[in-house]
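A short write-up of the structure that comes next.
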Amino acid sequence: MTSAPAIHLRHISKVFGGVKALQDVDFDVGMGEVHCLAGENGCGKSTLIKIITGVYQPEPGAEIEIFGQRYAQITPTVARKAGIAVIWQDLALFAEMTVAENIAFEAVLGNRPRRVRHAEMRRDATAALDRLGVHLDLDARLGTLPIAERQMVAIARALVGEARLIFMDEPTASLTQTETDALLSVVRTLSAQGVTVVFVSHRLAEVLEIANRVTVLRDGRLVGVYLAEGMTQTRLTELMTGKTFDQHVAAQDTAASEPVLEVQGLTRKGEFRDISFALRRGEVLGLTGLIGAGRTELAHVLFGMTRPDAGTVTLDGRPVRFRSNRDAVAAGIAYVSEDRLALGLIQPQSISDNAVLAVLKKITGGAGLLSDDRQEGLVAHWVRELGVKIGKPGDAMNTLSGGNQQKLVLAKWLATQPKVLILDCPTVGVDVGARAGIFRIVRDLAAQGLGILLISDEVTEVHFNADRILHMAGGRIVGEYDPRQTRVEELEAAVYA
Ligand SMILES: Nc1ncnc2c1ncn2[C@@H]1O[C@H](COP(=O)(O)OP(=O)(O)OP(=O)(O)O)[C@@H](O)[C@H]1O
Ligand SMILES: [Mg+2]
């Protein structure tokens with residue numbers, strides 16, 4: 001690359017209280033490059049992005065050059081003027097406004113404070129979406145769109161703002177495989193148009209697929225910069241963690257155990273139909289499939305959040321009919337949702353305010369459960385067991401890194417001492433090391449007799465960690481596999497077909 005680099009940073013450090021989030025990190029990104037930032041939860045990826053985008057100021061001694069220009073200080077305004085945009089996890093869009101307004105409002109209004117010109121807005125929005133090769137209804141309210149399409153709106157908005165450097169912090173975390181593929185193709189399009197993209201993801205396959213180069217951070221320090229070509233997931237994992245993980249099929253024969261949860265002919269109109277299976281005590285039952293397969297909808301019925309139109313659910317041999325998720329919790333079902341924000345756990349309250357317990361009580365109504373002391377003790381126990389890294393107990397919940405937030409959610413549910421644990425995409429946003437940790441725990445829990453329903457759209461995840469796998473498509477169970485007798489490629493071919 002002969003032209004000035006897009007990003008040239010030296011000696012970037014950042015301290016929060018006592019936590020050294022970044023220590024003397026150098027970071028270089030070439031013009032038009034797709035560059036991935038990789039590393040375990042809490043290693044400083046988001047912090048680095050926030051420094052470049054002016055959200056945080058680095059410690060003294062930092063040198064910052066963007067597109068060849070030196071900056072003494074970057075503020076969000078300076079960053080925007082320099083052509084930097086960020087696609088935040090929450091996307092920072094307006095649910096009540098239309099697609100066109102979200103994309104072009106800021107740019108158009110910015111120039112003409114008193115006259116929002118609709119024609120101009122539509123023209124700009126159309127041009128930006130065309131550049132991405134994406135088709136959306138300009139008049140649709142944003143709030144009605146799926147997350148993947150909202151993301152496209154956020155990216156289009158960045159383009160209207162004339163962004164030349166776009167940061168995406170875990171953009172695929174809540175996307176399905178198909179949506180991810182679409183996003184990766186948009187990233188390629190941007191790169192071909194000369195836009196530089198810095199991308200964070202814990203899905204290493206996708207990192208290696210999309211990136212030109214990868215910068216690896218560990219514990220706030222730079223490990224190195226590597227070409228994606230020739231890099232393997234195993235090697236990248238080693239670089240990120242300093243450890244090696246060998247993936248092997250953990251499946252065991254659980255056919256002899258008695259069922260804890262039985263589902264017979266379960267149907268909910270428009271979502272899924274005629275679902276029958278038994279989850280045995282001590283079993284990890286994988287449930288995989290693409291978007292729209294009905295996996296999460298099924299989980300919602302099992303957790304009492306919605307009601308089935310037909311069919312029966314039996315827990316410990318007794319038929320159950322949950323009127324709410326409180327009933328489900330009281331009966332011994334725990335549900336780690338794919339959307340950790342949904343249950344309101346992640347709030348700017350301090351960890352020691354017992355946000356965890358408060359949420360739990362809200363859901364369970366406190367009825368028939370453990371006393372506070374015992375419950376707090378259990379949460380503390382699981383926080384230790386799961387190796388949740390928290391700074392000071394007084395720190396806000398939302399300062400925890402994504403993976404640690406997820407572990408905390410798991411700890412919360414384990415403290416309810418469930419019989420059945422439903423894990424809905426439990427490793428979204430969780431790094432490889434922590435994933436291995438979570439699955440070790442899942443195994444231990446199964447060994448203690450819990451029945452675990454493991455929902456995931458990452459086929460490798462269920463292949464390596466489940467005892468048995470159900471494949472769901474179009475609202476039905478279309479296949480059952482034994483991981484010990486099925487190659488992961490076969491399973492992938494069946495699911496992604
Ligand atoms: N505003 C803040 N106040 C206090 N500590 C913070 C703050 N922001 C980040 N940290 C801490 O700095 C460290 C780096 O956090 P950061 O969010 O950059 O990690 P990350 O690499 O993005 O992790 P993840 O993969 O989980 O998103 C963590 O220990 C985190 O708890
Ligand atoms: Mg982060």
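Atoms within each ligand, like the ligands themselves, are counted from 1 in listed order.
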Per-atom filter on ligand 1: closer than 4.0 angstrom to a heavy atom of H202 are 25 (O)
Give a yes or no on whether a salt bridge exists between R203 and E458, defined as a side-chain N under 4.0 angstrom from a carboxylate O. yes
One finds that the ligand 1 atoms under 4.0 Å from a non-hydrogen atom of Y56 are 1 (N), 8 (N)
Kindly confirm or rule out an N or O of G44 lying under 3.5 angstrom from an N or O of ligand 1. yes
Under the side chain to side chain donor-acceptor pair (under 3.5 Å) rule, what pairs show up with a residue in residues 18-31, not counting sequence neighbours? H8-D28, R10-D28, H11-D24, Q23-R221
Within-4.5 Å side-chain heavy-atom neighbours: I7 and L165: yes
Residue V19 vicinity, atoms of ligand 1 by number, heavy atom under 4.0 Å: 29 (O)
So, do V187 and V34 sit near enough that their side-chain heavy atoms are less than 4.5 Å apart? yes
Heteroatom distance test (F16, ligand 1): nitrogen or oxygen, under 3.5 angstrom: no
Distance-only polar pair, side chains of T427 and E461, donor-acceptor under 3.5 Å: yes
G39: heavy atom below 4.0 Å from ligand 1, yes or no? no
Classify the contact between T47 and ligand 1 as side chain, backbone, both or neither, using a heavy-atom distance cut-off of under 4.0 Å. both
Only heavy atoms of E170, strictly under 4.0 Å: list the atoms of ligand 1 that pass. 25 (O), 27 (O)
Measure up the F303 and Y335 rings against each other and bin them: parallel (under 30°), tilted (30 to 60°), perpendicular (over 60°). tilted
Which residues share a salt bridge (charged side-chain N to carboxylate O under 4.0 Å, His left out) with E297, sequence neighbours left out: none
Could you tell me whether the Mg ion (ligand 2) has an N, O or S atom of S46 under 2.8 Å away? yes
